[in-house]
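Data first, discussion second: the structure below is written as structure tokens.
Keep in mind that what you see is a predicted model, and the values were worked out from it rather than measured. This chain uses plain numbering: 1 for the first residue, then up along the sequence.
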Amino acid sequence: MEVLFYLRLSSSLLTLVFEIHFCAAPKRLQEKTSLPIKGEDEKGIMLKSARPIAQIAMKRPDSGGMEGSVISLLANHFLVQFDSSQRIYHYDVEITPHPPKDIARMIKQKLVRDNQEALSGALPAFDGRKNLYSSVEFQNDKLEFFVSLPILTTKSALPLQDINDMLESQQIRRKLFKVNIKLASKLDGNELSSYLSNDGDDWIPLPQDYLHALDVVLRESPTEKCIPVGRSLYSSSMGGVKDIGGGAIGLRGFFQSLRPTQQGLALNVDFSVTAFHESIGMISYLQKRLEFLHDLSQRKTRGLLGEEKKEVEKALKNIRIFVCHRETDQRYRVFSLTDESTENLWFRDRDGKNLRIVDYFKEHYNHDIQFRNLPCLQISRSKPCYLPMELCVVCEGQKFLGKLSDDQTAKILKMGCQKPRERKDIINGVMAGSIGATSGDQGREFKLNISREMTQLYGRVLQPPKLKLGNGGHITDLIPSRHDRQWNFLDSHVFEGTRIERWALISFGGTAEYRSLIPRFIKQLSQRCEQLGIILNKNSSLQPQYEPIQVLNNVPLLESKLKKIHRAASNNLQLLICVMERKHRGYADFKRIAETNIGVVSQCCLYSNLAKLGSQFLANLALKINAKVGGSTVALYNSFPSQMPRLFGEKEPAIFLGADVTHPHPLDDSSPSIAAVVGSMNWPAANKYISRMRSQTHRQEIIQDLKEMVSELLGEFYQQLNMLPKRIIFFRDGVSETQFHKVLQVELEAIKAACLAFPMYKPTITFAVVQKRHHTRLFPNETNSLSGGTQIFNENVPPGTVVDSVVTHPKEFDFYLCSHWGMKGTSRPTHYHVLWDENQFSSDELQKVVHNLCYTFARCTKPVSLVPPAYYAHLAAYRGRLYLDKSDSAGFGITSTSISRACPPLKATPLPKLSDNVKKLMFYC
């Protein structure tokens with residue numbers, strides 16, 4: 001290793017210039033953004049970060065719930081003790097020219113290593129962008145460095161390693177960077193300590209600045225050894241790399257986040273798996289990624305047809321690449337493909353001379369282009385800049401953003417499907433191993449004490465509610481007593497079975513042998529419905545219609561076929577059953593036409609399921625059909641008024657609302673987001689929900705038309721019961737913690753505004769956020785079991801497990817509820833966070849309401865993991881997304897907006913209007 005440096009001193013500036021000799025480019029670093037700061041000392045230095053706007057969320061109403069049997073648990077939270085007197089110095093870092101995050105981290109690493117005196121001996125933490133955090137103050141408030149880095153063309157497939165290990169004796173190309181470091185603020189931990197204690201002000205906001213600094217500190221060592229993606233970090237050392245096909249690989253890793261909890265600061269660590277692009281040559285990548293190019297290397301004269309070219313462009317858009325025909329440290333991003341093939345592509349050089357691409361590469365690099373009929377990659381957004389595909393290699397460490405195939409998804413899920421004990425061992429291995437938060441010196445540097453033991457705590461197991469079923473017009477009751485809380489209809493019927501007299505069946509595709517199964521299917525489905533108390537006429541309104549599967553590719557033809565069936569049934573169909581040869585994108589058009597143009601609910605299934613007709617499959621189909629045409633599967637035997645008379649009354653109804661927003665695919669730059677709101681329409685059963693859906697601005701999380709949708713649902717409720725609900729319980733799905741304040745501020749006001757549309761109407765409102773995308777996991781505690789040794793520790797926590805202490809918010813009203821039985825892998829409890837509560841629920845009361853509702857989901861005979869209003873809202877939003885998916889826009893199912901990167905339209909494409917025949921039914925179920 002060779003280090004050259006010289007020192008220049010002035011009254012206010014220390015300048016150090018040094019040269020570093022090392023090689024391979026490391027992995028990407030996690031991006032962070034600097035925080036707002038205010039307040040200055042006498043030297044003009046910022047003293048601490050600005051306080052965020054106070055989040056006015058509900059304080060926990062009590063010390064937690066009491067109902068249920070106690071269970072000993074472990075949670076994947078690791079206590080982090082910090083010294084509140086430890087000041088952290090926040091420095092702004094500016095590097096020019098602006099480098100990738102991996103290069104920026106290499107610059108920082110050498111600065112720290114070779115300039116300890118100027119940095120006062122500190123080991124600062126860096127987020128890879130602009131923020132540097134030190135436990136001691138540097139000698140000067142402003143520092144300037146000039147760093148000459150030897151960047152090689154070799155692209156290492158490994159994450160960042162110690163630079164000493166990367167030094168090799170080979171020809172090196174140097175690049176000079178200027179680094180300016182400026183003191184931005186001085187942070188102390190007193191506010192955070194006060195926030196976490198019970199002694200502090202109940203409404204002081206969370207000191208995000210100090211918490212963010214500690215989070216960067218704890219990520220410093222893992223980021224140097226792993227590939228960061230979002231808040232997760234991935235490494236081949238956690239189980240190798242798995243080829244999942246289609247140009248993608250699966251990699252294991254771990255999620256890590258610092259959270260304020262009742263026990264103090266805790267590091268939430270969880271097992272994670274995701275897909276990355278395989279780092280291989282572009283020709284090989286296309287062969288793996290796209291089936292129609294599987295033999296590309298043997299057919300070098302092959303070109304791309306129009307729709308094939310669109311598919312290739314979609315697959316490669318935004319992928320980062322490097323070239324292998326010359327030495328360079330540059331990485332490029334694919335923006336599009338050229339219109340012309342490489343053979344016919346010309347460009348103008350610096351002297352204004354026109355050159356063919358193939359001639360240029362022969363003359364300058366002595367390379368004969370082999371795949372001359374393929375287009376080149378366009379690597380500039382605004383000006384012509386072409387690269388032949390065969391000279392390009394996919395960069396490593398890129399998360400696979402494309403839609404995974406069913407086979408790829410299955411392989412990724414299998415990689416991530418770990419039994420509770422296995423998952424717990426992996427997490428403990430991360431904390432004790434060489435790549436986790438405890439593996440570096442940052443903890444000691446910043447006076448942090450990080451526990452290696454999972455948090456021990458006690459939860460409670462809520463008892464299942466008594467359920468109300470039907471039996472030939474008589475009501476029967478049942479308490480789910482199995483360990484998984486599942487029940488069956490062996491001796492009973494659905495609570496409310498429907499009578500379906502007028503229905504039809506249409507088939508798409510399928511062999512003659514498959515079609516011969518239809519009569520048996522109709523007979524057995526009718527029999528199974530009858531066993532469940534659902535009357536499905538044994539004879540359809542007209543003979544089954546058999547169509548080739550190609551009809552699903554032609555929207556006008558499909559629509560005419562469906563309208564013909566409807567007319568033949570006197571425009572009075574209750575149900576349309578659809579059997580498909582295979583999954584087909586025309587499913588979206590089928591649903592849209594049926595529910596908006598014709599006005600009939602439908603039930604789809606595949607021929608492959610008909611070949612092996614089972615009682616469970618037929619029962620599941622029957623339950624969905626019954627719910628769609630107006631029936632209900634189950635109800636609570638003891639209604640909410642009888643369970644909680646303090647809150648609910650027979651003549652004082654409540655409405656349960658659920659809301660969700662679905663966003664387009666990550667590679668879609670313009671399609672609208674879809675918002676859906678559902679509301680319960682019957683009381684006190686509260687098990688039938690109708691929906692309202694709207695499109696809105698691209699990736700807008702706040703529901704823009706919430707006022708109108710809630711107003712419509714309240715109007716429907718009034719029509720059903722001839723009274724308005726006294727209480728509104730609103731479950732909002734899909735909101736992250738950073739959006740709590742805005743969602744509460746905007747959407748709560750929208751609900752109140754909707755109520756003002758009715759004279760003298762002012763119901764009490766509870767607003768709760770429902771979160772499934774979190775990383776808290778609960779495990780049975782093997783070392784401290786209260787079950788007398790009967791607990792099977794490689795199984796999940798039992799259904800009804802609730803936790804509202806230790807790992808929950810230090811002040812606010814939240815709890816984790818695992819209402820379902822985890823059949824595979826490790827159960828993910830649902831996190832409920834109450835932001836507003838005018839109904840003044842106690843912990844026990846709200847937990848009981850949510851838990852009981854989870855037993856009333858229409859599509860199955862077991863408790864579900866998500867409270868049904870939120871679950872139904874998710875299904876409705878997905879249905880709205882289908883309405884905008886047009887299968888005939890391109891041969892490969894690509895719209896023009898998915899190819900060209902453009903600004904989203906100012907006004908979202910509106911959803912088609914639902915038919916009056918289906919808008920009051922659970923058609924989305």
Side-chain angles (χ1 to χ4, degrees), residues 406 488-490 493-494 497-552 558 561-566 568-570 572-591 593-595 598 600-631 633 858-861 882 918 921-925:
D406 290 346
N488 58 53
F489 288 105
L490 289 178
H493 295 163
V494 295
T498 52
R499 179 176 290 272
I500 306 167
E501 297 286 356
R502 302 172 305 281
W503 64 278
L505 184 145
I506 187 169
S507 159
F508 295 101
T511 62
E513 181 181 358
Y514 265 153
R515 292 180 179 187
S516 68
L517 300 173
I518 292 294
R520 179 173 70 106
F521 165 62
I522 293 174
K523 179 182 177 181
Q524 293 192 14
L525 178 61
S526 178
Q527 290 175 346
R528 192 71 182 99
C529 284
E530 187 176 359
Q531 293 167 3
L532 294 170
I534 306 163
I535 306 303
L536 177 67
N537 193 334
K538 292 181 173 60
N539 299 309
S540 58
S541 298
L542 57 154
Q543 290 297 313
Q545 305 294 301
Y546 298 99
E547 303 290 347
I549 198 162
Q550 288 76 16
V551 171
L552 290 171
L558 174 64
K561 297 283 186 183
L562 297 184
K563 285 183 175 179
K564 182 179 179 181
I565 291 174
H566 197 48
S570 303
N572 200 21
L573 275 182
Q574 293 173 272
L575 172 70
L576 180 59
I577 295 177
C578 169
V579 185
M580 294 183 181
E581 175 187 321
R582 53 181 167 80
K583 291 182 179 179
H584 194 285
R585 60 185 176 273
Y587 169 84
D589 293 303
F590 176 85
K591 287 292 186 181
I593 294 167
E595 292 160 4
I598 296 175
V600 62
V601 297
S602 58
Q603 181 58 56
C604 297
C605 58
L606 299 175
Y607 268 115
S608 57
N609 291 320
L610 270 57
K612 47 184 179 181
L613 278 180
S615 176
Q616 189 62 56
F617 167 73
L618 291 169
N620 291 341
L621 216 58
L623 293 181
K624 293 182 70 174
I625 289 172
N626 186 57
K628 288 178 179 181
V629 296
T633 303
R859 287 176 18 171
C860 58
T861 56
L882 283 183
V918 302
L921 297 173
M922 296 176 65
F923 64 92
Y924 54 84
C925 186

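- When atom types are taken as modelled, the side chain of Gln545 and the backbone of Gln543 share a donor-acceptor pair closer than 3.5 angstrom.
- Side chains of Thr498 and Gln574 form no contact here, defined as non-hydrogen atoms less than 4.5 Å apart.
- Looking at Arg502, its side chain does come within 3.5 Å of a backbone N or O of Asn572 through a donor-acceptor pair.
- Between the Ser526 side chain and the Lys523 main chain, no donor and acceptor come within less than 3.5 Å of each other.
- Residues forming a salt bridge (charged side-chain N to carboxylate O under 4.0 Å, His left out) with Lys564 (at least two apart in sequence, or on another chain): none.
- Only one option out of Thr511, Leu552, Ile549 pairs with Glu581 in a side chain to side chain contact (heavy atoms under 4.5 Å, CB included); it is Ile549.
- Atom CG of residue Leu542 and atom CG of residue Leu505 lie 9.5 Å apart, to the nearest 0.5 angstrom.
- Within the 3.5 Å criterion, the main-chain N or O of Trp503 finds a donor-acceptor partner in the side chain of Ser541.
- Separating the CD1 atom in Ile577 from the OG atom in Ser602 is a distance of 10.0 Å, to the nearest 0.5 Å.
- Although no hydrogens or angles enter the test, the distance criterion places a donor-acceptor pair under 3.5 Å between the side chain of Thr633 and the main chain of Ala858.
- The two residues Ala627 and Met922 have their closest heavy-atom pair at O-CB, 3.8 Å.
- We find the SG-CD distance between Cys925 and Gln603 to be 9.0 Å, quoted to the nearest 0.5 Å.
- With rounding to the nearest 0.5 angstrom, the CG atom of Leu882 is 12.5 Å from the CZ atom of Phe590.
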**Q.** Arg859 and Asn620: CA distance, side-chain angles, deciding distance, side-chain contact (heavy atoms from CB on, under 4.5 Å) verdict
**A.** CA-CA 7 Å; Arg859 287 176 18 171; Asn620 291 341; over 6 Å; no
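- Proximity of Leu621 to Asn609: side-chain heavy atoms (C-beta onward) are nowhere separated by under 4.5 Å.
- With sequence neighbours left out, Lys624 forms a salt bridge (charged side-chain N to carboxylate O under 4.0 Å, His left out) with no residue at all.
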Q.
Run the side-chain contact (heavy atoms from CB on, under 4.5 Å) test on Leu532 and His493 for me, step by step, so that the C-alpha distance in whole Å, both residues' side-chain angles and the decisive distance to 0.1 Å come before the verdict.
A. CA-CA 4 Å; Leu532 294 170; His493 295 163; 5.7 Å; no
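- Note that CG of Leu576 and OG of Ser540 are 10.5 Å apart. Values are rounded to the nearest 0.5 Å.
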Q: Carefully, step by step, assess Val629 and Leu921 under the rule side-chain contact (heavy atoms from CB on, under 4.5 Å).
A: CA-CA 6 Å; Val629 296; Leu921 297 173; 5.7 Å; no
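- Side-chain N or O atoms of Glu501 include none that pairs as donor or acceptor with a backbone N or O of Asn537 at under 3.5 Å.
- A ring-ring contact (aromatic ring centres under 6.0 Å, His included) with Tyr607 is found for one member of Tyr514, Phe508, Phe521 and no other, namely Tyr514.
- To the nearest 0.5 Å, the span separating CD on Gln524 from CZ on Phe617 amounts to 10.5 Å.
- The shortest non-hydrogen separation linking Ser516 to Pro519 is O-CD, 3.4 Å.
- Of the possible donor and acceptor atoms, none in the side chain of Arg582 sits under 3.5 Å from a partner among the backbone N and O of Ser608.
- In this structure a side-chain-to-backbone donor-acceptor pair under 3.5 Å is missing from Lys628 to Val918.
- Within a 6.0 Å sphere centred on CZ of Arg520, heavy atoms belonging to other residues, nucleotides or ligands number more than 12.
- For the pair Glu530/Leu536, no side-chain contact is recorded, criterion being any heavy-atom separation below 4.5 Å from C-beta on.
- Contact check for Arg515 versus Pro544: no side-chain heavy atoms found under the 4.5 Å cut-off.
- At least one side-chain heavy atom of Leu623 sits under 4.5 Å from a side-chain heavy atom of Thr861.
- The shortest side-chain heavy-atom distance between Ile534 and Ile625 does not fall under the 4.5 Å cut-off.
- Counting only distance, with no hydrogens or angles, the side chain of Glu595 and the backbone of Tyr924 share no donor-acceptor pair below 3.5 Å.
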